[in-house]
Amino acid sequence: YDAMDRTFFLYTSDHGFNMGQHTLAADKREPYETDIRIPFFIKGPGVTEGRELPQVTGMVDLPPTIMALAGLPVAERWDGKSFAGLVTAGDSADGVSAAWARQEYLVAYMACSQEPKISPNDGGHAKDAGNNTFIGLRIINETSNLAYYEFTDAYKDWNFEKVQFYELYNLANDPHQLHNQYYRGSFSPGVKQELHERLRTAWACQGSGCGTTARAFNEPRAASTPEPQQLPRRQLLLDTTKALHVVNARFASVTYDIG
């Protein structure tokens, strides 16, 4: 019945996985590329073999994309956007790609454990705790490749009104996210404020219009403030034995080779 010629095959994953990077226990609950990047392959009618698309897409886009490929209506209440036109564009791919406006993608995680969740099989490293709660943006365009995150404690500050820690990486020159630039003076206060405002707009957005407006984000300018001698470190909560379990030791003035 020619079913193979009428069927789309999709291959992807629900999350990535870190395997010791950043001195973390093997897990999936951090905002780094090892945890949030996933593969996506598609085969089906109208899909050009061997094409690789650079557009920013994510899991939230899969439901509307699948519906569109099936010729079914996409609900306006869904936050995602169909990229069916990108994968089936063929010779008109350049025009369709130019119309894809998204340059940033919202990443969020709410902690599942109030007290530190310790992995006995990973040297006592913590996997999760209340203050391992974050919202953030991955910004990818022709001039910028940034990751910006705000952390709080889900059990004390569900609405992110009292942010406890910030992380900001320029993946163009720090692809392994070893150097948190937020406290190093590399980004001006104005750039940090813009990132904060863009994040809060994305976090509050609902419906199919989310992420559809192109907002240019230029390469950040270096700030004039010097780098502090002592850099803040993000830490998990103290447990009852008073042992401090550090999530990421790389926030100290030294860095670690994870290659």
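Residues: numbered from 1 along the sequence shown.
A donor-acceptor pair is defined here as one N or O able to donate and one able to accept, closer than 3.5 Å; no such pair exists between the side chain of Glu194 and the backbone of Lys192. Between the side chain of Asn180 and the backbone N or O of Leu168 there is at least one donor-acceptor pair closer than 3.5 Å. At least one donor-acceptor pair under 3.5 Å links the side chain of Ser82 to the backbone N or O of Ala84. Counting only distance, with no hydrogens or angles, the side chain of Thr133 and the backbone of Gly130 share a donor-acceptor pair below 3.5 Å. When atom types are taken as modelled, the side chain of Asp174 and the backbone of Tyr169 share no donor-acceptor pair closer than 3.5 angstrom. Proximity of a side-chain donor or acceptor of Asp157 to a complementary backbone N or O of Thr152 within less than 3.5 Å is not detected.
The CG atom of Leu195 sits 9.0 Å away from atom CD of Glu150, with the distance rounded to the nearest 0.5 Å. The CG atom of Leu10 sits 8.5 Å away from the OG1 atom of Thr65 when rounded to the nearest 0.5 Å. Distance check, rounded to the nearest 0.5 Å: OG1 of Thr7 to CG of Leu69 gives 11.5 Å. Here CG of Leu86 is found 8.5 Å from OG1 of Thr57. Values are rounded to the nearest 0.5 Å. Remark: Leu62 CG to Ile38 CD1 distance equals 6.5 Å, nearest 0.5 Å. One distance of note links CD of Gln55 with CG of Asn141; it measures 12.5 Å at 0.5 Å rounding.
Every residue meeting the side chain to side chain donor-acceptor pair (under 3.5 Å) condition with Glu76, not counting sequence neighbours, appears here in chain and number order: Ser208. Remark: Trp158 engages Met110, Ala154 in a side-chain contact (heavy atoms from CB on, under 4.5 Å) (not counting sequence neighbours). Annotation: salt bridge (Lys or Arg N to Asp or Glu O under 4.0 Å) contacts of Glu33 (sequence neighbours excluded): Arg37, Arg138.
Between Arg200 and His196, the closest side-chain pair of non-hydrogen atoms falls below 4.5 Å. Counting heavy atoms from C-beta outward, Val60 and Trp78 have side chains that stay 4.5 Å or more apart. Taking 4.5 Å as the limit, some side-chain heavy atom of Asp61 sits within range of a side-chain heavy atom of Tyr105. Two residues are said to be in side-chain contact when any heavy atoms from C-beta on lie closer than 4.5 Å; Lys43 and Phe41 fail this criterion. Side-chain contact between Leu199 and Tyr149 is absent, with no heavy-atom pair separated by less than 4.5 Å. The closest side-chain heavy-atom distance from Tyr32 to Asn18 is not below 4.5 Å.
Transitive grouping of hydrophobic side chains (ILVMFWY, heavy atoms separated by less than 4.5 Å) brings Val191 and Val163 into a common cluster. Criterion: ILVMFWY side-chain heavy atoms under 4.5 Å apart, direct or through other members. Under it, Phe17 and Val107 are not part of a common hydrophobic cluster. Hydrophobic clustering, with ILVMFWY side chains joined whenever heavy atoms are under 4.5 angstrom apart, keeps Val74 apart from Ile66. When hydrophobic clusters are built by joining Ile, Leu, Val, Met, Phe, Trp and Tyr residues whose side-chain heavy atoms come closer than 4.5 Å, directly or via intermediates, Met67 is not grouped with Val87.
In this structure, Phe8 and Val47 approach most closely via the heavy-atom pair CE2-CG2, 3.9 Å. Across every non-hydrogen atom of Ala147 and Gln177, the tightest pair is CB-NE2, 3.9 Å. Among all heavy-atom pairs drawn from His176 and His22, the shortest one is O-CE1, 3.0 Å. A pairwise comparison of heavy atoms in Ala111 and Tyr109 identifies CA-CE2, 3.6 Å as the closest pair. Scanning both residues, Trp203 and Leu106, for their nearest heavy atoms gives CA-CD2, 3.9 Å. Scanning both residues, Phe187 and Asn170, for their nearest heavy atoms gives CZ-CB, 4.3 Å.
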Checklist entry - Between Tyr148 and Ile139, is a side chain to side chain contact (heavy atoms under 4.5 Å, CB included) present by the stated rule, with each step listed? => result CA-CA 8 Å; Tyr148 170 75; Ile139 297 177; 6.0 Å; no

Next on the checklist: One pair to check against side chain to side chain contact (heavy atoms under 4.5 Å, CB included): Gln103 and Ile140. What are the steps and the verdict?
Outcome noted: CA-CA 6 Å; Gln103 300 183 21; Ile140 306 174; over 6 Å; no

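Ring orientation note: the planes of Phe83 and Phe40 are nearly perpendicular, at an angle over 60° on the 30°/60° scale. Classification of the Tyr183-Phe165 ring pair by plane angle, with boundaries at 30° and 60°, yields tilted.
Each of Arg29, Met59, Lys28 was compared with His15 under the side chain to side chain contact (heavy atoms under 4.5 Å, CB included) criterion, and only Lys28 meets it.
Counting heavy atoms of neighbouring residues, nucleotides and ligands inside a 6.0 Å radius, atom CZ of Phe9 exceeds 12 of them.
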